[in-house]
Novice: 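Below you will find the structure I want to go over with you.
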Amino acid sequence: MYKIAYYSASSASNRNLIALSTALKKFIKNNGKIIDIRAKSKDGTVNKNEWLYFKKYVSSADILMICLRGGKNSCPDFGKLIRILPKNSKVFIQPSCVSELEIVRKYCNLKDEV
């Protein structure tokens, strides 16, 4: 089973959740794998217990997906989330503007075809 942690710097955005849902359906269809996912949005970082639970989930996730909206500062604990991922985990970062492309180049380690 794949464990995916997903964070969106936008408020619970339908657009982001639709994109995530579409990607998951395609992944399951192509790979026949079961997926466990925990999603958090900007709104979900207010509750400290929920955020701690999310970080614990990230520490055993296979994939971390982050949708930025204003650089690394738009994701609380950005550096820590990257550091606590297991060594072989994958990172996907969706930039919201050109200025975030350097962050994508530095941290994203998924192949283009994934």
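Note: hydrogens, waters and symmetry copies are ignored here, and every other heavy atom, side chains too, is used.
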Novice: Measuring only between side-chain heavy atoms, which start at C-beta, is D77 closer than 4.5 Å to W51?
Specialist: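 Yes, side chains in contact.
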
Novice: Y53 and V58: same hydrophobic cluster, using ILVMFWY side-chain contacts below 4.5 Å?
Specialist: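 No, separate clusters.
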
Novice: Measuring from E50:CD to L52:CG, what's the distance to the nearest 0.5 Å?
Specialist: 10.5 Å

Novice: Which residues, ordered by chain and number, are linked to V98 in its hydrophobic cluster, where ILVMFWY side chains connect at heavy-atom gaps below 4.5 Å, directly or through other members?
Specialist: L101

Novice: Which heavy atom of G70 sits nearest to which heavy atom of S96, and what is that distance?
Specialist: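 Smallest interatomic distance, heavy atoms only, reads N-OG, 3.9 Å.
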
Novice: Should we say atom CG of N88 is surrounded by more than 12 heavy atoms from elsewhere, each under 6.0 Å from it?
Specialist: no

Novice: Please give me the minimum heavy-atom distance between K55 and L81, naming the atom from each residue.
Specialist: CG-CD2, 3.8 Å

Novice: Identify the two heavy atoms, one from P86 and one from S60, that lie closest to each other, and give their separation to 0.1 Å.
Specialist: CG-CA, 3.9 Å

Novice: Of all heavy-atom pairs between L85 and A61, which one has the smallest distance, and what is that distance?
Specialist: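 Nearest heavy atoms, L85 then A61: CD2-O, 4.0 Å.
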
Novice: Output the distance between atom NZ (K3) and atom OG (S59), rounded to the nearest 0.5 Å.
Specialist: 7.0 Å

Novice: Give the intermediate values and the outcome of side chain to side chain contact (heavy atoms under 4.5 Å, CB included) for residues I4 and D62.
Specialist: CA-CA 6 Å; I4 299 175; D62 298 298; 5.9 Å; no

Novice: Return each pair, listed once, that meets ring pair (Phe, Tyr, Trp, His ring centres under 6.0 Å) where at least one residue sits in residues 57-83; pairs must be two or more places apart or across chains.
Specialist: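 Only F78-Y107 qualify under ring pair (Phe, Tyr, Trp, His ring centres under 6.0 Å).
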
Novice: Supply the atom-to-atom distance I63 CD1 to Y2 OH, rounded to the nearest 0.5 angstrom.
Specialist: 7.0 Å

Novice: Write out all pairs satisfying salt bridge (Lys or Arg N to Asp or Glu O under 4.0 Å) with one or both partners inside residues 95-109, taking only residues at least two apart or from two chains.
Specialist: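 Every salt bridge (Lys or Arg N to Asp or Glu O under 4.0 Å) pair that includes a residue of residues 95-109, provided the two are not neighbours, is E102-R105.
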
Novice: Sort out for me which residue in S41, P76, C67 forms a side chain to side chain contact (heavy atoms under 4.5 Å, CB included) with Y7.
Specialist: P76

Novice: Measuring from L64:CG to F92:CZ, what's the distance to the nearest 0.5 Å?
Specialist: 11.0 Å

Novice: Hey, what do you get for CD1 (I82) to CD1 (I93), rounding to the nearest 0.5 Å?
Specialist: 5.0 Å

